[in-house]
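Here is the structure we will look at, set down as structure tokens.
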2 protein chains.
Amino acid sequence: MVSPVYLRIVEDIREKISNAVLKPGDAIPSEKALGEEYGASRMTVRKGLAILANEGYIYSIPGKGNFVQKPELNKYCICYDEMNNSINSVDKTKLLEVSIIMPDDKLAGELQITRNRNVILIRRLFYTDGTPVAYDIKYLLYQKGMPIVEKEIAHATFPEMLSGSVPLLALRKELTIYAAVPGEEIKKYLNIYHELALLVVEQKLYNSENKPVGMGITYYRGDYIKLQGASQ
Amino acid sequence: MVSPVYLRIVEDIREKISNAVLKPGDAIPSEKALGEEYGASRMTVRKGLAILANEGYIYSIPGKGNFVQKPELNKYCICYDEMNNSINSVDKTKLLEVSIIMPDDKLAGELQITRNRNVILIRRLFYTDGTPVAYDIKYLLYQKGMPIVEKEIAHATFPEMLSGSVPLLALRKELTIYAAVPGEEIKKYLNIYHELALLVVEQKLYNSENKPVGMGITYYRGDYIKLQGASQ
DNA sequence: AAGTGGTCTAGACCACTAG
DNA sequence: TAGTGGTCTAGACCACTTG
């Protein structure tokens, strides 16, 4: 079997959609018809169509048929890792602070907790070639059994910090990206003496019950970071 | 049939992975064993496993078995639309320029064309509540039959501009995000009189042969935009 | 009533992995 | 050699849509 039948079906139909032979909203031949066309059973045809549906090319309406999907024009996938981006990679970190704090009203609200709940505060600086390029703050809900080993924390990305206490596959993550002018404290940490923009990335992590388990803010020197995304 | 058998299988196994009953690398019971456990045929079991594989929970090794996947810790999905973001939405646009130009060396390189190829240049301002919030530049490879209707261009997002000449499902898109300090020209367009950071978003579009068909840069006032992403 | 997709079965043969 | 996943079939019954 050089190439399975269902893959030939997938490739053929995908090609027709890419070349606009089949346009969004058009009906695809019925599963019975495709089976006859390719000399395949209905289950084999369905396997191919399931793949196309999964890739976002088609959708089906029970009782009616399969149809070409309208493309998602504005979806992008971005791989964000505090320590690595497309123009830069962190080669040194400095742990400024690890402490247990009681949250203020704003933080308690963000983390959906009361003000007497313990929170771990971690502040770090990221360096590239000896230059400080980012100032990083993390707040983690303290969980019993959570390892606060400084050596581990210093170089960990945010999800990694939680790997001991939360099953990572249950983690839901949110990202917010914006630009800002640095305040005096950050200017000092990042050795900024002239006008410079910051790229700010906020992360928020939720457990499987959709409760926040941590949030973080990273302030990058604008001249040391580019985030990249792509469709698909 | 209240809930199909294959969905029960999916939910059971997904639950076990989320609760760390099954950990990354662990083997899942064989398809035969699962079939006996759920009183289902092997094809039904496989349908469930295919869904889990597609969701990124498991993977399979032929001849060995199905295994729990290590989670993707840094993948985020972001919906980017020039005109809409999480804190702001453009309600007016102003077309500054639509013209056909010959690219300079830099642009020709970016678009992988020779300097005698025609390029459409579009410059726009985006407004929210009467305030200019973004300055937008687009370069499109001129294709014969391309509609340059000013009314259409003024309010279109980048992929929409190409909808007449390129099958949109074949479009591959790239995004680059960074922060910068505004230059004099942009300060003038965006009425910036004090220190302010810009969020800059570059878009590059490719056709099905992976040749660039357009690129765009949008300069947002840092106080008027936040981009958001999420896992899944 | 005829056609469509959704679910499911009980087999089959293959290629691969492991002891 | 026994067990595993990968492909495939030829049926079946169901719920749904359309005329």
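All values derive from a computational prediction rather than experimental measurement. First the proteins, then the strands, lettered A, B, ... as listed; each starts at 1.
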What does the list of N/O pairs under 3.5 Å between the protein and nucleotides 16-19 of chain C look like, with a distance for each?
unit_1, atom_1, unit_2, atom_2, d
C/dA18, OP1, B/Lys64, NZ, 3.0

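When heavy atoms are screened at a 4.0 angstrom cut-off, A/Gly39 is found touching the sugar-phosphate backbone but no base atom.
Under the rule for a side chain to side chain contact (heavy atoms under 4.5 Å, CB included), the partners of A/Asp81 that lie at least two apart in sequence or sit in another chain are A/Met83, A/Asn84, A/Thr157, B/Asn74. Legend: residues meeting side chain to side chain contact (heavy atoms under 4.5 Å, CB included) with B/Thr44, ordered by chain and number and at least two apart, are B/Val5, B/Tyr6, B/Ala40, B/Ser41. Annotation: side chain to side chain contact (heavy atoms under 4.5 Å, CB included) contacts of A/Glu31 (sequence neighbours excluded): A/Arg42, A/Val45, A/Arg46, A/Leu49, A/Asn66.
The nearest whole Å value for the distance from the CD atom in A/Glu31 to the C1' atom in C/dT7 is 12 Å. Between A/Leu52 atom CG and C/dG5 atom P there is a gap of 14 Å when expressed in whole angstrom units. One interatomic measurement links the two molecules: CG of B/Leu49 to C1' of D/dT7, which rounds to 15 Å at whole-angstrom precision. Taking atom CZ on A/Phe67 and atom P on C/dT4, their separation rounds to 11 Å, with Å as the unit. The NZ atom of A/Lys32 sits 14 Å away from the C1' atom of D/dA10 (whole-angstrom rounding). Atom CE in A/Met43 sits roughly 13 Å away from atom P in D/dA10 (whole-Å rounding). Atom NZ in B/Lys47 sits roughly 13 Å away from atom P in C/dG5 (whole-Å rounding). If you measure from atom CD of A/Glu36 to atom C1' of D/dT9, you get 15 Å, rounded to the nearest angstrom.
For the pair A/Lys138 and A/Phe158, the cation sits on the ring face: its NZ or CZ lies under 6.0 Å from the ring centre, inside 45° of the axis.
For the pair A/Arg124 and A/Ala154, the tightest heavy-atom approach, listed with the atom from each and the gap, is NH1-O, 3.0 Å.
The side chain of A/Ser30 sits closest to C/dG5 out of D/dT4, C/dG5, C/dT9.
Classification of the A/Tyr135-A/Tyr219 ring pair by plane angle, with boundaries at 30° and 60°, yields parallel.
With pairs defined as Watson-Crick or G-U wobble and both atom distances under 3.5 Å, the stems of at least three pairs that touch DNA chain C come out as C:1-18 with D:1-18.
One finds a side-chain N or O of A/Asn66 lying less than 4.0 angstrom from the OP1 or OP2 phosphate oxygen of C/dG5. Within the structure, every side-chain polar atom (N or O) of A/Arg46 is placed at least 4.0 Å from both OP1 and OP2 of C/dG5. OP1 or OP2 of C/dT7 has not a single side-chain nitrogen or oxygen of B/Thr44 nearer than 4.0 Å.
Sorted by first and then second residue, the side-chain hydrogen bond (donor to acceptor under 3.5 Å, both in side chains) pairs with a member in residues 21-30 of chain A form an empty list; sequence neighbours excluded.
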Please step through side chain to side chain donor-acceptor pair (under 3.5 Å) for the pair A/Gln203 and B/Tyr76, ending with a clear verdict. CA-CA 11 Å; A/Gln203 276 176 294; B/Tyr76 294 86; 3.0 Å; yes
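Between A/Tyr6 and A/Arg42, it is A/Tyr6 whose nearest contact on DNA chain D lies nearer the 5' terminus.
Considering A/Val213, A/Asn118, A/Ile122, A/Leu111 in turn, A/Ile122 is the only one that fulfils the side chain to side chain contact (heavy atoms under 4.5 Å, CB included) rule with A/Leu140.
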